[in-house]
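Since the structure comes first, as structure tokens, the remarks are kept for the end.
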Amino acid sequence: MVALPQRKIFWRPPHATGWKFLETRIIQGDSSPFPSITLPIHMLSTIAQLKTRLQQALVAAFGAEWADTDPILVPTNNPKFGDYQANVAMSLAKPLKMKPRAIAESIVANLAVSDLAEAPEIAGPGFINLRLSTAYLEQQLQAVRTDPRLGVATVDPPTRVIVDYPSPNIAKEMHVGHLRPSIIGDCLSRILEFLGYDVLRLSHVGDWGTPFGMLIAYVREAYPDALNDDSDIDLGSLASFYRNAKKRFDEDEAFQQLARQSVVELQAGDEATLKAWKLVCNLSNRTNQTIFDLMGLCDLTIRGESFYNPYLLDVVKALDDKGLLVEDQGAKCVFLEGFTNMDGNPLPLIVQKSDGGFNYATTDLAAIRYRLDEDKVQRVIYPVGAEQTNHFAQVFQVGRRAGWITDAVAFIHAPFGNVLGEDGKKLKSRSGDALKLEEMLEEAIAYARTDLINRLQAANRDESEEFINEVARVIGISAIKYADLSQNRTSNYIFSYDKMLALQGNTAPYMINAYVRVRGIGRKGDIDFASLSDDQTIRLQEEWEFTLAKHILQLDEVLAEIDQDLLPNRLCQYLFELSQKFNQFYENCPVLKAEEPTRTSRILLCDLTAQTIKLGLSLLGIPVLDRI
RNA sequence: GGGGCUGUAGCUCAGCUGGAUAGAGCAACCGCCUCCUAAGCGGUAGGUCGCGCGUUCGAAUCGCGCCAGUCCCGCCA
């Protein structure tokens, strides 16, 4: 067995201020080594290969001391400069005391890339331009085409990653606030899983504390048998259950007293109360599951706050043992470094309240310990709103100072912005409440359905009810997801059914349509893509084919970027450009009417495009359709 | 008062470790279906990259300072 080449991907160091917001990473001082992941590459990415060649050329030209110099290899922004450009010559002008152009000439003289690219060219002040050779591209296309993973390598070893989302509170219905964590968390976990990580999806649901008093009291009152019975009594729909409980709570003072009493009993571990609590949790989880199913989310492991109850006291004790705990005004706290209150005094993180109760920081710390000790996790990702940036920075800081979080692991807050209404303000319903998640999804489907029916009528097409329902559901849900994922995670975005369902532009329907076009070619030409022989090859001729093919081959680079920066919009951007390039090819290069061997070559290129779109969309959590 | 983030075309947003003429979609205007579904393609027009200073051969990108918006800052999550 041949040893596989390896490359190391380093966490990006946190020096740049622009990065702080992207991820809160815990690193002990700037000089410490960053955790690294080693990837085996069964098909070395083009950019990695070129980089290696350039480094070898640097050594050959200027000596071994330049071996670690970054060749500053980037894709060109203009096809006339080729596919990639190395900008290292300019940066070496000063240390080498040479003219950049002369440096570039020396590098090129020592550069062996004939198996990958055409003869390098030097342009401008000293740019080294590289254009991939047709033979190399065709060889790469063939390798990708015959690989179920489309040439994307898996990580080795498959380290464990926990993605913590969307963690709703069980005492409320899921609302607009859960839209982004659900979609982004699901997408990131799919991408990381595809890259070979051992992904554990945990939903840290809010299933403990005061909000349950009211609900438990209502179970007692409305379903008195439920507490003594072992059977799982049906509490009806979650929405009506909440509504009724709230009504009782608001109208009756004695009921409020009962609710408060229930909280005390719950925390004391009273069995009948626990039973009622469990019933509420089950109802909520069941209801949320139907929403997850509608959204097409991957299955989650529910590990709520209550799970960590047995570990909370130990967190406090451990902090005390480390000498971090300070009692202040009756509360047990850890005073934070770098956080001050409005008076300029150090801010505490309260881990036990003056009444002896615990709060969410304690639970988060317990979860950190559990995930390290029991789950043996290497990386934990929290896709949570940007409002909680301070909270995570604080909890991670305490985890680090307690010695739990080390350099070998990464705890990452992947923050996102708010969902805004078309008025640019935080999205709310007419009545001012948070919009219910389920209603948003249903509305998107209804919009898609109306659009579809109008279009079918305009085209004089007659389709079955089943077809219409399926397409409306897929387009509606996909549009909502894609609209969310296609924007930079860190910024707010304006939620608009009209825009996300627009049939043109950077939207889910546009991408799905590109896929449908390939399927259309298959139907028209009676081609079974699945049975295309591995021996047949793609031959690139027209400019449109080159442009499309080069883009297809960049999938692994995009996914490698997302592995590091956790920004799904990069994949959306990639797929949008892929679809655009395919549409241009489709417009300019006839497939079925072409002469052989061009015809077969183009069929293969179409199929590879479709496979790439399908895979890419699936990583976003979006399915494809054969016909729309 | 302190801190985070955001500020790029009329609108919504990309812009990767600083790199050649700052991109896309929508909206506007002009074209393209006897031809694989036009949910498509081509073109025109539109920008002091919030402002200033600095670092650099080179800055939308890095640093500092302002301005504007937004979020957070002790026992809720």
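This one's a predicted model, so the numbers in the text were calculated from it and none came from an experiment. Chain A is the first sequence line, chain B the second, and so forth, proteins listed ahead of strands; every chain is numbered from 1.
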Polar atom pairs between nucleotides 25-28 of chain B and protein, under 3.5 Å, N or O only, would you list them?
none

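In this model, the phosphate group of B:C76 is approached by a side-chain N or O of A:Lys353 to a distance below 4.0 Å at OP1 or OP2. Residue A:Asn492 places none of its side-chain N or O atoms closer than 4.0 Å to OP1 or OP2 of B:G69. Between A:Gln584 and the phosphate of B:G42, there is a side-chain N or O to OP1/OP2 separation shorter than 4.0 Å.
With respect to the salt-bridge test (charged N to carboxylate O, under 4.0 angstrom), the residues A:Asp320 and A:Lys332 do not qualify. Note on A:Arg602 versus A:Glu545: salt bridge recorded, some NZ/NE/NH1/NH2 to OD/OE distance being below 4.0 Å.
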Contacts table for residues 516-525 of chain A: side-chain donor-acceptor under 3.5 angstrom, sequence neighbours left out:
unit_1   : atom_1 : unit_2   : atom_2 : d
A:Arg517 : NH1    : A:Asn583 : OD1    : 2.6
A:Arg519 : NE     : A:Asp626 : OD1    : 3.2
A:Arg523 : NH1    : A:Asp626 : O      : 3.1

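Nucleic acid contact class of A:Ile603 (heavy atoms, under 4.0 Å, all strands): none. Note on A:Cys589: a base of the nucleic acid sits closer than 4.0 angstrom, heavy atoms only.
If you look at A:Phe307 and A:His204, their ring centroids are not closer than 6.0 Å. Checked against a 6.0 Å centroid threshold, the rings of A:Phe81 and A:Phe127 do not count as neighbours. Between A:Tyr360 and A:Phe358, the ring center distance fails the sub-6.0 Å criterion.
Side-chain atoms of A:Ser491 and A:Gln487 form no donor-acceptor pair, as typed in the model, at a separation below 3.5 Å.
Under the Watson-Crick or G-U wobble criterion, with both distances below 3.5 Å, B:C35 has no partner in any strand shown. With a cut-off of 3.5 Å on both pairing distances, the Watson-Crick or G-U wobble partner of B:C53 is B:G63. Of the nucleotides present, B:G23 is the one that pairs with B:C13 by Watson-Crick or G-U wobble criteria, both distances under 3.5 Å.
With centroids closer than 5.5 Å and planes inclined by less than 30 degrees as the test, A:Phe127 and the base of B:A20 pass as a stacked pair. Residue side chain A:Phe81 meets the stacking definition with respect to B:A20: its ring centre sits within less than 5.5 angstrom of the base's six-membered ring centre, and the planes differ by less than 30 degrees.
Using atom P as the reference point in both B:G43 and B:C26, the two lie 13 Å apart (nearest Å).
In this structure, B:C73 shows a glycosidic angle more than 90 degrees from zero, which is the anti conformation.
The nearest heavy atom of RNA chain B to A:Ile628 and to A:Thr210 marks one nucleotide each, and the one closer to the 5' end goes with A:Ile628.
The side chain of A:Ile350 lies closest to B:G74, out of B:G15, B:G19, B:G74.
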